[in-house]
Enquirer: 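Here it is, the structure in full.
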Amino acid sequence: MTHAPATEHLAKDSEPRHGPVKSPSPTALARRGRRENLAGYLFMSPWIAGFLLLTAGPMVASLYFAFTDYNLFDAPQWIGLDNFSEMFADPRWRHSVQVTLWYVVVGTPIKLIAALGVALLLAQKRRGQAFYRAAFYAPSLIGASVSVAIVWKAIFSDDAIVDRTQKIFGIDVGGWTGDPDMIIYSLVALTVWQFGAPMVIFLAGLKQVPRELYEAADVDGAGKLRQFWNITLPMISPVLFFNVLLETIHSFQIFSSAYIVGGGAGGNACGPADGSMVYTCYLYVQGFENSRMGLASAMAWMLLVAVALVTAVLFWSQKRWVHYEEGGR
């Protein structure tokens, strides 16, 4: 009986001085969640406005224009599938598809091979490594500019440095930009010159390959080529897939270099005899030089569908050759 008051006193002291802590009510929690959501949407509003006004809105408008006769000045007139029928029957459109596919199939693999080769060299420890990385990456920053395309056109024109170098070795074919059969090679050379971005990605992937695998291969007597084929390529296959996907999409979207090297506005806007008539260049000619915005919109949506199909095929094929660390594909 004598210990009861002490126990009661301790129980009273253990309670908070300001009373027990009350958990927030559901109404307060909901109000706080609405305030946080409002703040999030407020910070996102510039991006949302830009997406609606500059991306989603123009996409919906171009989808409508693809089924109309629209010349940028008069009100669009609904013509159904006539733009697509005219597009498929146009020999210049088919030629632009062939030139673009040739550019993608030839230029993309060469660019990736160059990027991987230089990445393998830069992965080795050597003096001045940071300088070489920056020097090889720099063309990717400036290669897509109009000024570089103008300089590139001058380099490959008649009696320029490339033409004179060819003559030293007894090759007299003239400047590449003036030859309908050679101008596309100058565009391939330009895109290969910009291998810095995929090179950096390859270099990051090579850094993640465990050194123990190469040491075990050395013990087993595997040579450098076999190590590259059986160790390096499988280990960096996710990075390789990413670069293939990204560079393929970029190749389909080539425009500024083809337009500038080809000659710009006028009759030779896409190169002599349409030698550099890539898809986007012909789209630009139809839309802005011929004021056929309806037809250009149909061409743009056809390009979107083609890129989507190619992307789907690449994702489907990765199950066969892309290896992940957990052993799956």
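If you're wondering where the values come from, they're calculated on a predicted model, not measured in any experiment. FYI, the numbering just counts along the sequence from 1.
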Enquirer: Taking the side chain from R94 and the backbone from F88, do they hold a donor-acceptor pair closer than 3.5 Å?
Expert: yes
Enquirer: Output side-chain donor-acceptor pairs under 3.5 Å for residues 238-248, partner residues at least two apart or in another chain, one line each.
Expert:
from : atom 1 : to   : atom 2 : distance (Å)
N243 : ND2    : P198 : O      : 3.3
E247 : OE1    : K111 : NZ     : 2.8
T248 : OG1    : V244 : O      : 2.6

Enquirer: With sequence neighbours left out, write down each residue that passes ring pair (Phe, Tyr, Trp, His ring centres under 6.0 Å) with F84, or none if nothing qualifies.
Expert: F67
Enquirer: Determine all donor-acceptor pairs shorter than 3.5 Å in which one atom belongs to a side chain in residues 34-59; sequence neighbours excluded.
Expert:
from : atom 1 : to  : atom 2 : distance (Å)
N37  : ND2    : G33 : O      : 3.3
S45  : OG     : L42 : O      : 2.6

Enquirer: Rounded at 0.5 Å granularity, tell me how far CG in L295 sits from CG in L283.
Expert: 8.0 Å
Enquirer: Is it true that F136 and W193 have ring centroids separated by less than 6.0 Å?
Expert: no
Enquirer: What are the two closest non-hydrogen atoms of M199 and A119, and how far apart are they?
Expert: O-CB, 3.8 Å
Enquirer: Can you find a pair of side-chain heavy atoms, one from W152 and one from I150, that are under 4.5 Å apart?
Expert: no
Enquirer: Can you tell me how far the CG atom of L187 sits from the SG atom of C281, to the nearest 0.5 Å?
Expert: 9.5 Å
Enquirer: Above 12 or not: heavy atoms from other molecules or residues under 6.0 Å from CZ of F255?
Expert: yes
Enquirer: Should we say atom CZ of F169 is surrounded by more than 12 heavy atoms from elsewhere, each under 6.0 Å from it?
Expert: no
Enquirer: So which atom in P139 and which in A135 form the shortest heavy-atom distance, rounded to 0.1 Å?
Expert: CD-O, 3.3 Å
Enquirer: List the residues meeting salt bridge (Lys or Arg N to Asp or Glu O under 4.0 Å) with R133, not counting sequence neighbours, and say none if there are none.
Expert: none
Enquirer: Can you tell me how far apart OH (Y259) and SG (C270) are? Round to the nearest 0.5 Å.
Expert: 8.0 Å
Enquirer: If you measure from NZ on K153 to CD1 on I260, what distance do you get to the nearest 0.5 Å?
Expert: 8.0 Å
Enquirer: Does one side chain, of W321 or S237, offer a donor that lies under 3.5 Å from an acceptor on the other?
Expert: no
Enquirer: Are the aromatic ring centres of F252 and Y279 under 6.0 angstrom apart?
Expert: no
Enquirer: Go through the steps for L116 and I236 under the test side chain to side chain contact (heavy atoms under 4.5 Å, CB included), then give the verdict.
Expert: CA-CA 10 Å; L116 180 57; I236 67 169; 3.8 Å; yes
Enquirer: Checking the side chain of R164 only, and the main-chain atoms of D159 only, is there a donor and an acceptor separated by less than 3.5 Å?
Expert: yes
Enquirer: Check whether any side-chain N or O of D82 sits under 3.5 Å from a backbone N or O of S85 as a donor-acceptor pair, and report yes or no.
Expert: no
Enquirer: State whether a side-chain donor-acceptor pair under 3.5 Å links D90 with Y282.
Expert: yes
Enquirer: Which atom pair, heavy atoms only, marks the closest approach of S251 to V104?
Expert: CB-CG2, 3.6 Å
Enquirer: According to the side-chain hydrogen bond (donor to acceptor under 3.5 Å, both in side chains) rule, which pairs have a member within residues 168-180, sequence neighbours left out?
Expert: Q166-W176
Enquirer: Establish whether Y64 and V60 are linked, either directly or via other cluster members, by ILVMFWY side-chain heavy-atom contacts under 4.5 Å.
Expert: no
Enquirer: Taking the side chain as everything from C-beta on, heavy atoms only, tell me whether I184 gets closer than 4.5 Å to V106.
Expert: no
Enquirer: To check you understand the geometry: which heavy-atom pair defines the closest contact between F156 and A189, and what is its length?
Expert: CZ-CB, 4.3 Å
Enquirer: Would you compute the distance between atom CZ of F73 and atom OG of S291 and round it to the nearest 0.5 angstrom?
Expert: 5.0 Å
Enquirer: Rounded to the nearest 0.5 Å, what's the gap from CG on L304 to CE on M299? Could you check?
Expert: 14.0 Å
Enquirer: What about L309 and W301, same hydrophobic cluster or not, with Ile/Leu/Val/Met/Phe/Trp/Tyr joined at side-chain heavy-atom distances under 4.5 Å?
Expert: no
Enquirer: Going hydrophobic residue to hydrophobic residue with side-chain gaps under 4.5 angstrom, can you get from L121 over to Y132?
Expert: no
Enquirer: Using atom types as modelled, flag every donor-acceptor pair under 3.5 Å from a side chain in residues 219-234 to any protein atom, sequence neighbours excluded.
Expert:
from : atom 1 : to   : atom 2 : distance (Å)
Q227 : NE2    : D218 : OD1    : 2.6
Q227 : NE2    : A222 : O      : 3.1
T232 : OG1    : Y214 : OH     : 2.7

Enquirer: Does I79 share a hydrophobic cluster with Y70, counting links as ILVMFWY side-chain heavy atoms below 4.5 Å and allowing steps through other members?
Expert: no
Enquirer: Under 3.5 Å, side chain of D158 to main-chain N/O of G175, donor-acceptor pair present?
Expert: yes
Enquirer: Evaluate the criterion side chain to side chain contact (heavy atoms under 4.5 Å, CB included) for residue pair Y103 and L101; output intermediate values, then yes/no.
Expert: CA-CA 5 Å; Y103 175 83; L101 290 177; over 6 Å; no
Enquirer: Quick one: does S276's side chain have a donor or acceptor within less than 3.5 Å of a partner on G271's backbone?
Expert: yes
Enquirer: Are I113 and V118 linked, directly or through intermediate hydrophobic residues, by side-chain heavy-atom contacts shorter than 4.5 Å (ILVMFWY only)?
Expert: no
Enquirer: Just by modelled atom types, is the T68 backbone N or O under 3.5 Å from a matching donor or acceptor in the N83 side chain?
Expert: yes
Enquirer: What pair of heavy atoms forms the shortest contact from I183 to P180, and how long is it?
Expert: CG2-O, 3.8 Å
Enquirer: Has Q194 got a side-chain atom pairing as donor or acceptor with L190's backbone, closer than 3.5 angstrom?
Expert: yes
Enquirer: As a test of understanding, state which of V278, T100, T191 forms a side-chain contact (heavy atoms from CB on, under 4.5 Å) with I254.
Expert: V278
Enquirer: Taking the side chain from T108 and the backbone from V105, do they hold a donor-acceptor pair closer than 3.5 Å?
Expert: no
Enquirer: Could you tell me which non-hydrogen atom of S297 sits nearest to which non-hydrogen atom of F65, and how far apart they are?
Expert: OG-CB, 3.6 Å
Enquirer: Between M235 and L213, is there a side-chain heavy-atom distance shorter than 4.5 Å?
Expert: yes
